[in-house]
Number of protein chains: 2
Amino acid sequence: MDIQLKRGMLDVCVLAAIKDGESYGYKIIKDMSPYITLSESTLYTILKRLENAQMLTVRSAEHGGRLRKYYQITNKGRERIEEFKSEWREVMVMYQFVSKEDSGYD
Amino acid sequence: MDIQLKRGMLDVCVLAAIKDGESYGYKIIKDMSPYITLSESTLYTILKRLENAQMLTVRSAEHGGRLRKYYQITNKGRERIEEFKSEWREVMVMYQFVSKEDSGYD
DNA sequence: ACACAATACTTCGTGATATGATGTATTACA
DNA sequence: TGTAATACATCATATCACGAAGTATTGTGT
């Protein structure tokens, strides 16, 4: 899939992946993999960005000797998801502009 | 609208704007403006990119003392539109991933 | 005659960001 | 003993939308 087309959607997808309960990096990738492919470097970049934007909070916890970072969505994060849904209408306008056939009229 | 969300769509929108007949920069912006807003700098960047990718051809012609560049879509450009439509399915998968409500199960 | 809007295209710098490559470290398993 | 899986981090790179600024002409209002 075209990288550019994913832009602006991945952030929100990651938020959606944790909206029903906290999760951690590796699990997020696994959970999303049937629907969306993203590399580890991409995910951790996004998580950091969302943390800076206060759309999620992080807590570190040990699990089986390994350190894990658990991510939890904030209200701001949920608002971002709603905002995205609103913007989606404009995206559909663009899609329809592309996919509409020539009517023959003008 | 979020800039990032437009990415990967604008190129195809411009191709769509000329798919029913050749046009020129200024007119393309006017034609698209009810649906999609894009600045001149963005458009001419895109036109140059599409030309390099051989998705459109250009001819210069004088019109009312002013120089105009007329852009015409190529087969490769039309193929790009079709390719985009295919990729759209994956975009919708991402959108549904974001917009789906928690089922309560799992 | 003068100012200003509209038409038409160009170039430059900037910020955002998805990704591959690479690295570190532990656990599980064959 | 080695390899895969788990888990997170950093860096450099390429792509790209946009504002700002510039050039030049035509049309219009006063």
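Just so it is clear: chains get the letters A, B, ... in the order the sequence lines come, proteins before strands, and each one is counted from 1.
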* Respond yes when some side-chain nitrogen or oxygen of B:Arg66 is under 4.0 Å from OP1 or OP2 of C:dA6, and no when none is. => no
* OP1 or OP2 of C:dA6 less than 4.0 angstrom from a side-chain nitrogen or oxygen of B:Lys30, does that happen here? -> no
If you check the [X] side chain, which of [options] turns out closest?
X       : options               : result
A:Tyr44 : C:dT10, C:dT19, D:dA9 : D:dA9
B:Ile3  : D:dA7, D:dA17, C:dT19 : D:dA17
B:Arg7  : D:dC16, C:dT19, D:dT6 : D:dC16
A:Tyr71 : D:dA9, C:dA8, C:dA18  : D:dA9
A:Arg68 : C:dA6, C:dA18, D:dA7  : D:dA7
A:Lys6  : C:dT17, C:dA18, D:dC8 : C:dA18

* To do: Test B:Val58 against every option in B:Tyr71, B:Tyr24, B:Tyr70 by the side-chain contact (heavy atoms from CB on, under 4.5 Å) rule and name the one that passes.
  => B:Tyr71
* Asked: How is A:Lys48 classified with respect to the nucleic acid when contacts are heavy atoms under 4.0 Å: base, sugar-phosphate, or nothing?
  -> nothing
* So what does A:Ser39 touch, heavy atoms closer than 4.0 Å: a base, only the sugar-phosphate, or nothing? -> sugar-phosphate
* Could you state the atom-to-atom distance from CZ of B:Arg59 to P of C:dA8 in whole Å? => 14 Å
* To do: Assess A:Lys100 against B:Tyr35: is NZ or CZ under 6.0 Å from the centre of the six-membered ring, and within 45 degrees of the ring's axis?
  => yes
* Structure fact -> Per nearest nucleotide of DNA chain D, the residue lying toward the 5' end, A:Glu40 or A:Asp2, is A:Glu40
